[in-house]
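Shown next, in structure tokens, is the structure this report addresses.
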Amino acid sequence: DARSALVAARRRQCVAARLGRRAPSPTTDAETIVEPLLDFVEWFKARIPRRPVTLRDTLAWAHFVAHSLRADALSPLSPATALVHGARLALLDGLGASGSGVPARAADSVRTECNEHLRTLVAGALGNEAACEAFDDGVPVASAAAIDDDDNGDEWRVADSLPLEQTDSTFGIAPFRIARGAVVDDDDDNAEPFSIGAPTTWRNCRRVLRALQLRRPILLEGSPGVGKTSLVTALARASGHRVVRINLSEQTDIMDLLGAELPIEDGRAGQFEWRDGALLQALKAGVWVLLDEMNLASQSVLEGLNACLDHRATVYVPELGRSFECPSTFRVFACQNPTAQGGGRKGLPKSFVNRFAQVHVAPLAAADLLLVLHRSFPSLAWRAQSSTCRAARLPLSISISSVI
């Protein structure tokens, strides 16, 4: 109808303007990229009607494409590759999370269907060769790296760690890189053991690195114990960034995050001074912040975080009468369990969730469990035998075949 046509026209203008701030490439104009982008958005809205696609989602995709095509980008991409990864960042990486309209058990199959349709659109707009290049990105299938097809078909071998890119100035997983922080941690003996190179963890980390290409907060959701917090802390450690973890609950007040007037220790009676809260301290220091148990936070805390999480990137403290701008090194991560897993959890408002890049954290597969066991106990030779868990991911029968 006329209203839908006007909305679509306005969306097209906004996306073209976002892309037009910088010419996409010498050989590709903005309209060539806008067409498959908006066509996929319309198809996605019809395919998953319970997952609303807002203008903010569409502009985030366009912003990612424009950013990735810049000559000075840390992670430069071709137009087709930028289109594909922008779709994954804005729409596909969150499938399986609360509010995505897709249950976690069906997320992989729906994501595959979306990628196939996206490949068709990219090939039609930019050519088959560009589409093949965009989708040949080295993402491993869940257990493919750990299945030894040359031996027993029901036996898994320990997979090699998947590749990471580390230099003096950057850290990443191809094709995504982030600038290294200034934190140098030489205390490896006391570090919590964590293997980013495990297949599923590698894919989860790659999704987070993709989201880090934009200055949006990142919301990770997954079952309890899947490794959401560990993933963020391990990524921070590997890339030289300090991360401040803040556990939220229904009792958490915005003053706990921003600060309050408190009595001066050993001071006179009635003497108070301002003390920054954990979030304001991290913002001033320009470090990473991890807000754990996000969907346990009260409405007042969510409202207090709004300006920090959207395009304003500021925190206003009324008690001080000041606004604090978020520096470029300040990044916000939030973790939460699904609303159906754990008591007292509530669905976050859609307007609040829409400020985040959502990442559904996949559970560990057989290859990951074997690699963890091998890394934790390298003197033992591990193998797993199961003909059913290959497809269903059922519990493995893990045995020690020999002691070295």
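Note: hydrogens, waters and symmetry copies are ignored here, and every other heavy atom, side chains too, is used.
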Look only at the side chain of [X] and the backbone of [Y], and say whether a donor-acceptor pair between them is shorter than 3.5 Å.
{"X": "K228", "Y": "G222", "result": "yes"}
{"X": "R119", "Y": "N128", "result": "no"}
{"X": "R206", "Y": "I173", "result": "no"}
{"X": "R210", "Y": "C205", "result": "no"}
{"X": "E221", "Y": "S98", "result": "yes"}
{"X": "R111", "Y": "L95", "result": "yes"}

Do [X] and [Y] have side chains that get closer than 4.5 Å, going by heavy atoms?
{"X": "L348", "Y": "T339", "answer": "no"}
{"X": "P217", "Y": "R331", "answer": "no"}
{"X": "N354", "Y": "F356", "answer": "no"}
{"X": "E293", "Y": "E250", "answer": "no"}
{"X": "V332", "Y": "I218", "answer": "no"}
{"X": "Q271", "Y": "I264", "answer": "yes"}
{"X": "N306", "Y": "R312", "answer": "yes"}

Identify the two heavy atoms, one from [X] and one from [Y], that lie closest to each other, and give their separation to 0.1 Å.
{"X": "A87", "Y": "L118", "value": "CB-CD2, 3.6 Å"}
{"X": "C308", "Y": "V315", "value": "CB-CG2, 3.7 Å"}
{"X": "L219", "Y": "C335", "value": "CD1-N, 4.5 Å"}
{"X": "M294", "Y": "Q336", "value": "CB-OE1, 3.9 Å"}
{"X": "V53", "Y": "K45", "value": "CG2-CG, 3.6 Å"}
{"X": "C326", "Y": "R215", "value": "O-NH2, 3.2 Å"}

Results of side chain to side chain donor-acceptor pair (under 3.5 Å) for [X] - residues two or more places apart only:
{"X": "N204", "answer": "none"}
{"X": "E113", "answer": "R47"}
{"X": "R180", "answer": "Q166"}

If you measure from [atom1] on [X] to [atom2] on [Y], what distance do you get to the nearest 0.5 Å?
{"X": "L59", "Y": "T54", "atom1": "CG", "atom2": "OG1", "result": "8.5 Å"}
{"X": "S239", "Y": "R177", "atom1": "OG", "atom2": "CZ", "result": "14.5 Å"}
{"X": "L258", "Y": "D253", "atom1": "CG", "atom2": "CG", "result": "9.0 Å"}
{"X": "L290", "Y": "I246", "atom1": "CG", "atom2": "CD1", "result": "8.5 Å"}
{"X": "N247", "Y": "T252", "atom1": "CG", "atom2": "OG1", "result": "8.5 Å"}
{"X": "F171", "Y": "I178", "atom1": "CZ", "atom2": "CD1", "result": "7.0 Å"}

For this session: Please assess L235 against L212 for the test side-chain contact (heavy atoms from CB on, under 4.5 Å), listing each intermediate value before the final yes or no.
Result: CA-CA 11 Å; L235 177 57; L212 280 169; 4.0 Å; yes
Problem set entry | Verdict with reasoning, V317 to R322, per side-chain contact (heavy atoms from CB on, under 4.5 Å) | CA-CA 6 Å; V317 182; R322 291 182 56 191; 5.8 Å; no
I'd like a table of donor-acceptor pairs (distance under 3.5 Å, sequence neighbours excluded) in which one partner is a side-chain atom from residues 279-287, with atom names and distances.
{"residue": "Q281", "atom": "NE2", "partner": "D276", "partner atom": "O", "Å": "2.9"}
{"residue": "K284", "atom": "NZ", "partner": "D276", "partner atom": "OD2", "Å": "2.7"}

Exercise. With no hydrogens and no angle check, do the side chains of E165 and T170 hold a donor and an acceptor under 3.5 Å apart?
Worked result: no
For this session: Answer with yes or no whether the side chains of Q213 and S75 bring together a donor and an acceptor at under 3.5 Å.
Result: yes
For this session: Check the surroundings of atom CZ in R242: do more than 12 heavy atoms from other residues, nucleotides or ligands lie under 6.0 Å from it?
Result: no
Exercise. Can you tell me if CD on E273 sees more than 12 non-hydrogen neighbours from other groups inside 6.0 Å?
Worked result: yes
Exercise. Does the pair R51 and D57 meet the rule for a salt bridge (charged side-chain N to carboxylate O under 4.0 Å, His left out), with working shown?
Worked result: CA-CA 11 Å; R51 198 299 193 185; D57 294 323; 2.9 Å; yes
Exercise. Tell me the ring-ring contact (aromatic ring centres under 6.0 Å, His included) pairs involving residues 273-294, sequence neighbours left out?
Worked result: H241-W288, W288-F333
Exercise. Are F64 and W61 near enough that their ring centres are under 6.0 Å apart?
Worked result: no
For this session: Give the intermediate values and the outcome of ring pair (Phe, Tyr, Trp, His ring centres under 6.0 Å) for residues F44 and H117.
Result: CA-CA 9 Å; F44 186 85; H117 186 73; over 10 Å; no
For this session: Mind running side-chain contact (heavy atoms from CB on, under 4.5 Å) on V232 and V208 for me, showing each step along the way?
Result: CA-CA 8 Å; V232 175; V208 174; 5.7 Å; no
For this session: Could you check L257, N295, D292 and say which one makes a side chain to side chain contact (heavy atoms under 4.5 Å, CB included) with L248?
Result: L257
Problem set entry | Verdict with reasoning, R88 to D93, per salt bridge (charged side-chain N to carboxylate O under 4.0 Å, His left out) | CA-CA 5 Å; R88 292 170 177 172; D93 285 347; over 6 Å; no
Without placing hydrogens or testing angles, list every side-chain donor-acceptor pair under 3.5 Å for residues 77-84, not counting sequence neighbours.
{"residue": "S78", "atom": "OG", "partner": "T81", "partner atom": "N", "Å": "3.3"}
{"residue": "S78", "atom": "OG", "partner": "T81", "partner atom": "OG1", "Å": "2.8"}

